[in-house]
J.: 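This structure is in structure tokens; I'll ask about it shortly.
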Amino acid sequence: MNIGIYGGSFNPIHRGHIALARQIRRKAHLDEVWFMVSPLNPLKADRGDLLPDELRLALVRKALEGEEGLVACDYEFHLPRPSYTWDTLQALSRDFPQHTFTLVIGADNWLVFDRWAHTADIIAHYPIVIYPREGSPIDVDALPESVRLVQMPLYNVSSTDVRQRIREGRPVRRLLPKNAYDDIVEAYQGK
């Protein structure tokens, strides 16, 4: 199978994440998209608004119930930390040799990709699919052969905005997956 690796803190997961993954799966011809829930990096300052790893994973699992080809994944929870994308991709290839892995990243991350660890190795060994992000223009003519930009709608929903709205008691129903709506709101109230 061809698996898209879509990493993030998903703090919280929202409808934009899911809509984007559905589009990427279809347009990039992926069998599945794995939502790689990133663990809290112990080397970074404590983020008081970040829910515990297992709770974020549980919310992603609940949000993806019934979503064909979209899978919540805790793989990075079991790797040495901090987890670098190159290490994750290599470990996945070793543990799941029957699959091909494609990295899924936003245009904002592509613009700083040269600051990631082992970028040349990632580009040489794994396809990369970039999705558009507002304010992050991509020159498609300058992309390496293994990298492509998928044209799709912009999903202007952010986890930061969702958390802020929950704290302020503003409506978030249209932003959150209905499977996990109550659990997400409860988890973030008082954070």
Side-chain angles (χ1 to χ4, degrees), residues 1-11 13 16-45 47 50 53 56-57 60 69-160:
M1 286 201 305
N2 190 1
I3 309 294
I5 300 300
Y6 178 26
S9 61
F10 303 107
N11 187 43
I13 188 169
H17 291 129
I18 296 168
L20 186 144
R22 282 186 202 129
Q23 288 277 331
I24 290 281
R25 181 173 172 252
R26 186 174 57 79
K27 291 185 177 223
H29 308 290
L30 301 171
D31 297 300
E32 292 182 343
V33 173
W34 291 2
F35 282 64
M36 186 71 62
V37 180
S38 301
L40 174 62
N41 184 336
L43 301 180
K44 289 189 176 177
R47 286 186 44 200
L50 185 67
D53 299 344
R56 286 182 292 117
L57 176 66
V60 171
L70 305 185
V71 179
C73 185
D74 67 351
Y75 189 81
E76 282 191 342
F77 291 11
H78 311 289
L79 295 177
R81 296 181 193 185
S83 55
Y84 295 101
T85 300
W86 171 244
D87 297 331
T88 299
L89 290 168
Q90 282 192 302
L92 284 165
S93 294
R94 183 184 61 247
D95 291 347
F96 302 98
Q98 72 276 25
H99 298 321
T100 301
F101 294 98
T102 297
L103 180 62
V104 176
I105 63 172
D108 53 336
N109 277 316
W110 178 253
L111 294 178
V112 296
F113 195 69
D114 60 340
R115 294 189 223 154
W116 290 27
H118 301 277
T119 55
D121 293 322
I122 295 171
I123 291 169
H125 294 94
Y126 296 93
I128 301 172
V129 172
I130 302 170
Y131 57 87
R133 294 292 300 257
E134 189 171 357
S136 300
I138 298 293
D139 178 1
V140 291
D141 296 326
L143 294 176
E145 192 175 317
S146 65
V147 180
R148 71 182 184 126
L149 176 68
V150 174
Q151 293 300 330
M152 56 191 293
L154 290 171
Y155 296 102
N156 289 324
V157 182
S158 81
S159 294
T160 302

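Hydrogens, waters and symmetry mates play no part in the numbers below; they use all other heavy atoms, side chains included.
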J.: Check whether any side-chain heavy atom of L92 lies under 4.5 Å from a side-chain heavy atom of H99, and answer yes or no.
T.: no
J.: Could you tell me which non-hydrogen atom of L149 sits nearest to which non-hydrogen atom of P132, and how far apart they are?
T.: CD1-N, 4.1 Å
J.: Find out whether T88 and M36 are in side-chain contact, i.e. whether some heavy atom of one side chain is under 4.5 Å from a heavy atom of the other.
T.: yes
J.: Ignoring hydrogens and angles, tell me if any N or O in the side chain of K27 forms a donor-acceptor pair with the backbone of Q151 under 3.5 Å.
T.: yes
J.: Please check: side-chain N/O of S93 versus main-chain N/O of L89, any donor-acceptor pairing under 3.5 Å?
T.: yes
J.: Between R81 (side chain only) and P39 (backbone N and O only), is there a donor and an acceptor less than 3.5 Å apart?
T.: no
J.: Using every non-hydrogen atom in the two residues, find where V37 and F77 come nearest and quote the distance to one decimal.
T.: O-CE1, 3.1 Å
J.: Quick one: closest heavy-atom pair of G4 and L30, and the distance?
T.: CA-CD1, 3.7 Å
J.: Could you walk me through whether V71 and V33 satisfy the side chain to side chain contact (heavy atoms under 4.5 Å, CB included) test, starting with their C-alpha distance in whole Å, then the side-chain angles of each, then the deciding distance to 0.1 Å, before giving a yes or no?
T.: CA-CA 6 Å; V71 179; V33 173; over 6 Å; no
J.: So how far is it from S146 OG to I122 CD1, rounded to the nearest 0.5 Å?
T.: 10.5 Å
J.: Atom CG in D95, atom NE2 in H78: separation rounded to 0.5 Å?
T.: 11.0 Å
J.: Ring centres of F35 and H17 under 6.0 Å apart?
T.: no
J.: To the nearest 0.5 Å, tell me how far Q98 CD sits from I3 CD1.
T.: 8.5 Å
J.: Starting at CD1 of I130, measure out to CD1 of I105 and round the result to the nearest 0.5 Å.
T.: 5.5 Å
J.: Heavy atoms only: give me the nearest S83-E76 pair and the separation to one decimal.
T.: OG-OE1, 3.4 Å
J.: Restricting to non-hydrogen atoms, name the atom on I138 and the atom on A107 that form the minimum distance, rounded to 0.1 Å.
T.: CG1-CB, 3.6 Å
J.: With a 3.5 Å cut-off and no angle check, do the side chains of Y126 and D121 form a donor-acceptor pair?
T.: no
J.: Looking at L103, L143, I128, which one forms a side chain to side chain contact (heavy atoms under 4.5 Å, CB included) with I123?
T.: I128
J.: So does S38 get a backbone contact from the side chain of R56, meaning a donor-acceptor N/O pair under 3.5 Å?
T.: yes
J.: Under the ring pair (Phe, Tyr, Trp, His ring centres under 6.0 Å) rule, collect the residues that match up with W86, sequence neighbours excluded.
T.: H118, H125
J.: Do N2 and H29 make a side-chain contact, defined as non-hydrogen atoms from C-beta onward lying under 4.5 Å apart?
T.: no
J.: Which class fits the ring pair W110 and F113: parallel under 30°, tilted 30 to 60°, perpendicular over 60°?
T.: parallel
J.: Could you state the interatomic distance from OG1 (T102) to CD (E32), rounded to the nearest 0.5 Å?
T.: 12.5 Å
J.: Apply the test side chain to side chain contact (heavy atoms under 4.5 Å, CB included) to residues M152 and L20: give CA-CA distance (whole Å), side-chain angles for both, the deciding distance (0.1 Å), then the verdict.
T.: CA-CA 8 Å; M152 56 191 293; L20 186 144; 3.8 Å; yes
J.: Can you list the steps and then say if F101 with W34 is a ring-ring contact (aromatic ring centres under 6.0 Å, His included)?
T.: CA-CA 10 Å; F101 294 98; W34 291 2; 5.7 Å; yes
J.: Would the Y84 and W116 ring centres measure less than 6.0 Å apart?
T.: no
J.: Do you know which two heavy atoms are closest between M1 and D31, and how far apart they sit?
T.: CA-OD2, 3.2 Å
J.: Would you list the pairs meeting side-chain hydrogen bond (donor to acceptor under 3.5 Å, both in side chains) in which at least one residue belongs to residues 129-140, sequence neighbours left out?
T.: E134-N156
